[in-house]
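For reference, the structure is listed below as structure tokens.
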2 protein chains.
Amino acid sequence: MSETHGIRELAAEFGITTRTIRFYEDKGMLRPARDGQRRIYSPRDRVRLRLIMRGKRLGLSLEEIAELIDLYDVDPSEVTQLRQFIEVIGIRMTALEAQRRDIDDALGEMRRIEKQCADLLAQKQSQKKGSKA
Amino acid sequence: MSETHGIRELAAEFGITTRTIRFYEDKGMLRPARDGQRRIYSPRDRVRLRLIMRGKRLGLSLEEIAELIDLYDVDPSEVTQLRQFIEVIGIRMTALEAQRRDIDDALGEMRRIEKQCADLLAQKQSQKKGSKA
DNA sequence: GCCGCCCTTTACGTTAACGTAAAGGTCAAT
DNA sequence: ATTGACCTTTACGTTAACGTAAAGGGCGGC
């Protein structure tokens, strides 16, 4: 039942190298338990790694990702911290929404181009047919 | 009426340095005209630069961006090229859609956390009031 | 006891995407 | 003609995010 993993397992699961995982630990983004010297990764560590990978897919730097992840486990005891927290999250969300718009724009253009190509293809096909008939 | 620009203007408009613009040219991503030695940027060049910046916001490497931009001005004369083209665009679109999902996931989580914080804040406020009454 | 496999730390190497500095050309204004 | 504001090329420097190699410990199997 104890859902723990070795570093090699985790690396395989995420398609990265052990070096990369240790590097993220160096950067303070992971804090696996230890069995002697060996690193032991809990489900919680896996979640963190998943968040890191998603951040990378979004084009964030490791530094930005670290900040974001830290957001997830701020202890919500101080009110001023909570306020700042909400503000930071708001900023981040605005950025993400802008990125979403960028993606939608790009997708729109690509669909347009794709259609143009398809139309051109159809034209050429009918021309071919015509030449045979 | 001739909508051309010097390198300095363009840099200011996009919030980047002239070095960066020349760097992109080195990489074959821009091909400004010349007046003697000076670079002259056409509206077309500006569009390209806009595409580059958007690609960067999406976390793409300059190499990926260059490929994508080249997609926009492939000459659609060969049918096999058109087919390949449509395929490549499809792959790119799939990737962008995945990235969109990542963003939506992240936004969802952040909204959840934001709400949690807001609720906590509200709780603390009412507690404060209660202690004063 | 030794082999092979996994793990560890330490440290130098590499690539992308520029930054920064050096050395110089051009042109308008003073 | 010299200053200042641009522009140019060339080239070395820098940072992030790892890769890669060296040197070694722990352990189950033969």
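Within every chain, numbering begins at 1; the chains are lettered A, B, ... in the order of the sequence lines, protein sequences first and strands thereafter. The basis for the numbers below is simple: all heavy atoms, side chains too, and nothing from hydrogens, waters or symmetry mates. All values reported here derive from a predicted model rather than from experimental measurement.
- One can place CG of Asp26(B) at 13 Å from C1' of dT8(D), the figure rounded to the nearest angstrom.
- Checked for salt-bridge contact, Arg39(A) and Glu9(A) miss the test: no charged N lies under 4.0 Å from a carboxylate O.
- Remark: Thr17(A) is in phosphate contact with dG19(D), judged by side-chain N or O atoms under 4.0 Å from OP1 or OP2.
- Rounding to whole angstrom units, CE of residue Met53(B) and C1' of dA17(C) are separated by 12 Å.
- Relative to the side chain of Thr20(B), the nucleotides dC7(D), dC18(C), dA17(D) differ in distance, and dC18(C) lies closest.
- For the pair Arg48(B) (side chain) and Met29(B) (backbone), a donor-acceptor distance under 3.5 Å is present.
- Formation of a donor-acceptor pair under 3.5 Å by the Gln84(A) side chain with backbone atoms of Gln81(A) is not found in this model.
- The separation between Glu63(B) atom CD and dC18(C) atom P is 14 Å, rounded to whole Å.
- Among the nucleotides dC6(C), dC18(D), dT8(D), the one closest to any side-chain atom of Arg22(B) is dT8(D).
- Each of Leu62(B) and Ile7(A) lies near DNA chain C, and the nucleotide nearest Ile7(A) is the one positioned closer to the 5' end.
- Heavy atoms of Arg8(B) sit under 4.0 angstrom from primed sugar atoms or phosphate atoms, though from no base atom.
- One can place CD of Glu9(A) at 8 Å from P of dC7(C), the figure rounded to the nearest angstrom.
- Between the side chain of Gln99(A) and the backbone N or O of Leu58(A) there is at least one donor-acceptor pair closer than 3.5 Å.
- Atoms CZ (Arg39(A)) and P (dG26(D)) sit 16 Å apart, rounded to a whole Å.
- Following rounding to the nearest Å, Asp35(A) (CG) and dG26(D) (P) show an atom-to-atom distance of 12 Å.
- Between Lys27(B) and dT15(C) there is no side-chain N or O to OP1 or OP2 distance below 4.0 Å.
- Separation of atoms CG (Asp102(B)) and CG (Leu96(B)) is listed at 11.5 Å; rounding is to 0.5 Å.
- Note on Lys56(B): a side-chain N or O is less than 4.0 Å away from OP1 or OP2 of dC18(C).
- In this entry the distance linking OH of Tyr24(A) with C1' of dA17(D) reads 7 Å, nearest Å.
- We find that CD of Glu67(A) is positioned 13 Å from P of dA16(D), with the value rounded to whole Å.
- Among the nucleotides dG19(C), dC18(D), dT8(D), the one closest to any side-chain atom of Arg34(B) is dT8(D).
- The residue Thr18(B) sits apart from the nucleic acid: no heavy atom pair falls under 4.0 Å.
- Residue-to-nucleotide proximity on DNA chain D shows that, of Gly6(B) and Arg19(B), the 5′-proximal contact is made by Gly6(B).
- For Phe23(A), the listed nucleotide lying nearest its side chain is dA17(D); candidates were dC7(D), dA17(D), dG25(D).
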